[in-house]
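A quick write-up on the structure given underneath.
A note on names: the letters A, B, ... follow the listed sequences, proteins ahead of strands, and every chain is numbered from 1.
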Amino acid sequence: MEGQFMQTSNVQSSSQSSRFADCLLGWFDVFGRHDLPWQHPKSPYSVWVSEIMLQQTQVQTVISYFERFMLAFPTVQDLAAASQDDVLSHWAGLGYYARGRNLHKAARIIISEHDGEFPSHFDEIVSLPGIGRSTAAAILSIAFKQKYAILDGNVKRVLSRYDAIDQWPGEKQTEAKLWHRAEVLMQTERADDYTQAIMDLGATICRRSKPLCAECPVKAGCQALKADKVGAYPVSKPKTEKPTRQVVMLLALDGEQIFLQKRPQTGIWGGLWSLPQFDNEAQLSAVLPQTGEQSVLETLPEFKHSFTHYHLIIQPRMVEADAKAWALAGQWMNLSQALEMGLPAPIRKLIEKTESKHVKNGQLCKNG
DNA sequence: AAGTCGGGGGG
DNA sequence: CCCCCAGACTT
């Protein structure tokens with residue numbers, strides 16, 4: 001009697017699992033894609049070719065390539081007998097041409113080592129060039145109806161949301177967790193339909209953007225939806241921390257004149273006019289006239305400018321200089337003239353600000 | 001673990 | 001512009 005009302009956690013998780021598969025398959029029968037060209041004869045060969053083409057390439061793009069390819073190479077024998085050039089010409093425009101080369105190579109292996117018959121065991125299939133764990137599982141499930149779980153981009157997204165996995169799928173540990181869940185949830189004898197179904201779900205319902213959660217067959221168990229955080233999954237790749245570099249820049253002023261240097265052609269702001277740049281304060285002092293206190297240094301507030309690949313902290317140093325006794329290579333020019341030179345935006349801003357704050361009637365003053 | 005292959009689509 | 005896509009392979 002008690003058994004009717006109590007379930008062990010094992011039974012419970014197993015029943016959740018089969019519910020996932022059952023809900024998914026029930027939905028697939030009505031709303032899944034059943035008319036794709038590689039679903040006509042689900043032969044190992046046609047499934048293989050389609051799976052390779054579909055690596056990193058969307059269905060809509062693949063369809064026409066697949067049809068032309070199968071007309072040119074209807075069997076694995078035809079593919080093996082063809083030249084690599086002929087095979088690659090049918091791949092032109094699909095990208096990732098190693099896929100085409102590996103497909104051709106594998107066809108010849110199937111002829112020479114498998115009697116021309118597509119192998120039906122995981123180890124044999126996954127050892128063929130161009131076939132990894134997920135693609136081997138797709139072929140085994142769809143073409144041979146064996147219970148092997150796939151883990152492609154669609155499945156990663158579906159499961160990341162379903163379990164609300166708070167780590168980036170690119171991490172090894174996360175991927176292991178996803179593989180485990182992919183296998184546990186695949187509780188069905190309809191291995192071929194399940195594989196197609198979970199990919200269809202990812203492509204049409206559990207899309208990367210604008211997912212249609214209201215129409216999802218497994219929404220009841222979706223942890224991301226329960227927390228109203230579907231958009232937060234899968235967790236996106238951590239942005240690699242950009243390095244930060246510090247430089248000292250020299251604002252040398254003589255009345256209405258400012259000193260600029262042309263930057264090297266390579267590197268940031270290549271070829272633009274800018275302020276003289278130094279790695280640190282010491283290198284700046286080294287080039288300033290040493291004699292006496294005629295050069296007055298003022299430390300202006302530092303600021304940050306970000307590039308795509310690093311942050312640059314700029315520490316401006318202002319100096320009252322004598323253009324006639326100046327040794328650095330570069331050019332003195334009027335402030336108005338300097339602002340016409342196509343300066344880097346942050347440098348232009350700095351100069352404009354300095355001018356308004358520290359230059360009055362052609363005279364340098366410390367506090368504007 | 002990170003880089004590479006590659007064209008196309010969408011935000 | 002960026003990120004992602006029915007990933008696998010090399011370094």
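- Taking the P atom of each, dT4(B) and dA6(C) are spaced 23 Å apart, rounded to whole Å.
- Transitive grouping of hydrophobic side chains (ILVMFWY, heavy atoms separated by less than 4.5 Å) keeps I313(A) and F278(A) in distinct clusters.
- In this structure, R99(A) does not reach the dC9(C) phosphate: none of its side-chain N or O atoms is under 4.0 Å from OP1 or OP2.
- To the nearest whole angstrom, the two C1' atoms, one in dG6(B) and one in dC4(C), are 13 Å apart.
- Between dG6(B), dC5(C), dC4(C), one nucleotide has an atom nearer to the side chain of R208(A) than all others, and that is dC4(C).
- Side chain of T135(A), nearest nucleotide from dA6(C), dG11(B), dG7(C): dG7(C).
- A stem is defined here as three or more consecutive Watson-Crick or G-U pairs, each with both distances under 3.5 Å; for DNA chain B these stems are B:1-5 with C:7-11, B:7-11 with C:1-5.
- A heavy atom lying under 4.0 Å from DNA chain B marks the following residues of residues 53-67 of chain A, by number: Q56(A), T57(A), Q58(A).
- On the P atoms, dG8(B) is 22 Å away from dA8(C), given to the nearest whole Å.
- Side-chain heavy atoms closer than 4.5 Å link hydrophobic residues (I, L, V, M, F, W, Y) into clusters, and following such links, even through other members, never connects L71(A) to F66(A).
- Between the side chain of R133(A) and the base of dA6(C), no donor-acceptor pair of N or O atoms lies under 3.5 Å.
- Using a 4.0 Å cut-off between charged nitrogen and carboxylate oxygen, E183(A) and R133(A) count as a salt-bridge pair.
- Salt-bridge annotation for K147(A) and E189(A): present, with a side-chain N of the basic residue lying under 4.0 Å from a carboxylate O of the acidic one.
- Contact annotation: K210(A) side-chain N/O to dG11(B) OP1/OP2 distance is under 4.0 Å.
- Among dA1(B), dC4(C), dG6(B), the nucleotide with an atom closest to any side-chain atom of Y97(A) is dG6(B).
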